[in-house]
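These notes are about the structure you will find just below.
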Amino acid sequence: MEQKVTVSDAELEILEILWSADRPLNAGEIRGVLNQSRDWERTTILTFINRLVKKGVISQEKREVYYYTPCIRREEYIRGETKSFLEKFFKGKSSSLAAALVNSEALTKDDIAKLRDYFNQHI
C-alpha cells in the first residue's frame, strides 16, 4: 500500500511555485517569487525545500547551485488530497460532500448549473 506524504501549507506554496514555473528553479528563484507575498528568511525557505526533497516530493539536481523539480504533477497531488479529504470527512462518499457544499451555501445556483453541465458533458 502506498503511503501518503503529508505536505504542509508552506511546503505547498513552494510546490505551487515549481508547478507554475514548468522548469527547474534554484532556491534563489523560489525565494524571489515567495518574497512577493512572504517575508521568509533564506534559511526558512531552504528548510522547507529540504523537507520536500526528503519526502520525495521534489528532486534536486546539482549544477552551479541546486535546482529543484516536482516529482509529482499538480493534478496527481490534488487527486490524492481530494481522495484523502473525501475519505476522512465523508467516508468516501462524494454525494455527501456535494450535499455538505449545498447545505453550507458554498455553492451558488450558477455553480450548481455549471456542475450539472460539466457532469452532463462528461458522463
Side-chain angles (χ1 to χ4, degrees):
M1 184 175 172
E2 188 177 311
Q3 184 177 356
K4 182 181 179 322
V5 175
T6 302
V7 175
S8 72
D9 290 346
E11 293 165 345
L12 184 57
E13 285 188 55
I14 292 170
L15 266 175
E16 289 286 1
I17 290 168
L18 290 170
W19 285 323
S20 295
D22 203 26
R23 66 177 177 85
L25 297 178
N26 64 44
E29 293 169 319
I30 293 169
R31 184 175 184 211
V33 176
L34 277 172
N35 280 345
Q36 295 172 11
S37 61
R38 296 275 190 188
D39 190 25
W40 288 344
E41 294 294 326
R42 183 178 81 71
T43 54
T44 302
I45 295 167
L46 289 173
T47 297
F48 291 135
I49 289 171
N50 287 328
R51 287 179 187 170
L52 288 167
V53 170
K54 285 180 183 172
K55 292 176 181 183
V57 178
I58 65 174
S59 63
Q60 65 183 12
E61 176 188 353
K62 178 75 169 157
R63 298 182 194 171
E64 65 279 1
V65 294
Y66 283 107
Y67 280 78
Y68 303 95
T69 307
C71 295
I72 185 171
R73 291 184 4 257
R74 188 175 191 276
E75 297 76 20
E76 292 174 64
Y77 180 78
I78 290 171
R79 190 174 17 256
E81 286 296 306
T82 301
K83 183 177 179 180
S84 175
F85 177 80
L86 203 56
E87 288 294 325
K88 182 176 181 178
F89 293 102
F90 301 100
K91 297 180 182 172
K93 296 183 179 184
S94 54
S95 59
S96 297
L97 169 61
L101 288 171
V102 171
N103 291 335
S104 70
E105 299 177 2
L107 293 177
T108 64
K109 288 185 180 188
D110 186 49
D111 291 333
I112 294 168
K114 287 177 183 175
L115 284 170
R116 185 179 302 116
D117 290 344
Y118 177 83
F119 289 135
N120 287 335
Q121 290 174 9
H122 292 87
I123 294 177

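The figures that follow rest on heavy atoms only: side chains count, while hydrogens, waters and symmetry mates do not.
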Verify the cluster assignment for [X] and [Y]: are they in a single hydrophobic cluster under the rule of side-chain heavy atoms below 4.5 Å apart?
{"X": "Val102", "Y": "Tyr118", "answer": "yes"}
{"X": "Val5", "Y": "Ile78", "answer": "no"}
{"X": "Leu86", "Y": "Tyr77", "answer": "no"}
{"X": "Ile49", "Y": "Tyr67", "answer": "no"}
{"X": "Leu97", "Y": "Ile112", "answer": "yes"}

Using a cut-off of 6.0 Å, state whether more than 12 heavy atoms not belonging to [X] lie near its atom [atom1].
{"X": "Asp117", "atom1": "CG", "result": "yes"}
{"X": "Lys62", "atom1": "NZ", "result": "yes"}
{"X": "Lys93", "atom1": "NZ", "result": "no"}
{"X": "Glu41", "atom1": "CD", "result": "no"}
{"X": "Asn120", "atom1": "CG", "result": "yes"}

Quiz item: Hey, does the side chain of Ser20 reach the backbone of Glu16 with a donor-acceptor pair shorter than 3.5 angstrom?
Solution: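 Checking the backbone N and O of Glu16 against the side chain of Ser20, a donor-acceptor pair under 3.5 Å is found.
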Check [X] against [Y] and note the closest heavy-atom contact, atom names and distance.
{"X": "Ala27", "Y": "Leu46", "answer": "CB-CD2, 3.6 Å"}
{"X": "Cys71", "Y": "Ser59", "answer": "SG-N, 3.5 Å"}
{"X": "Leu101", "Y": "Ser104", "answer": "O-OG, 3.0 Å"}
{"X": "Ala100", "Y": "Phe90", "answer": "CB-CE2, 3.7 Å"}

Quiz item: Judged by modelled atom types alone, do Asp111 and Thr108 share a side-chain donor-acceptor pair under 3.5 Å?
Solution: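 Short answer, yes.
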Practice problem: Give the intermediate values and the outcome of side-chain contact (heavy atoms from CB on, under 4.5 Å) for residues Phe48 and Val7. | Solution: CA-CA 10 Å; Phe48 291 135; Val7 175; over 6 Å; no
Using 0.5 Å steps for rounding, measure from the [atom1] atom of [X] to the [atom2] atom of [Y].
{"X": "Thr44", "Y": "Leu34", "atom1": "OG1", "atom2": "CG", "result": "10.5 Å"}
{"X": "Asn26", "Y": "Glu64", "atom1": "CG", "atom2": "CD", "result": "7.5 Å"}
{"X": "Asn50", "Y": "Glu11", "atom1": "CG", "atom2": "CD", "result": "10.5 Å"}
{"X": "Tyr68", "Y": "Ile14", "atom1": "OH", "atom2": "CD1", "result": "10.0 Å"}
{"X": "Glu81", "Y": "Arg74", "atom1": "CD", "atom2": "CZ", "result": "11.5 Å"}
{"X": "Ile30", "Y": "Asn35", "atom1": "CD1", "atom2": "CG", "result": "12.0 Å"}

Quiz item: Arg63: what forms a salt bridge (Lys or Arg N to Asp or Glu O under 4.0 Å) with it, not counting sequence neighbours?
Solution: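 Result, salt bridge (Lys or Arg N to Asp or Glu O under 4.0 Å) vs Arg63: Glu61.
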Quiz item: Among Leu15, Thr6, Leu18, which residue meets the side chain to side chain contact (heavy atoms under 4.5 Å, CB included) test with Val57?
Solution: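 Testing each of Leu15, Thr6, Leu18 against Val57, the sole residue satisfying side chain to side chain contact (heavy atoms under 4.5 Å, CB included) is Leu15.
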Self-check item: Verdict with reasoning, Ile72 to Trp19, per side-chain contact (heavy atoms from CB on, under 4.5 Å)
Solution: CA-CA 9 Å; Ile72 185 171; Trp19 285 323; 4.3 Å; yes
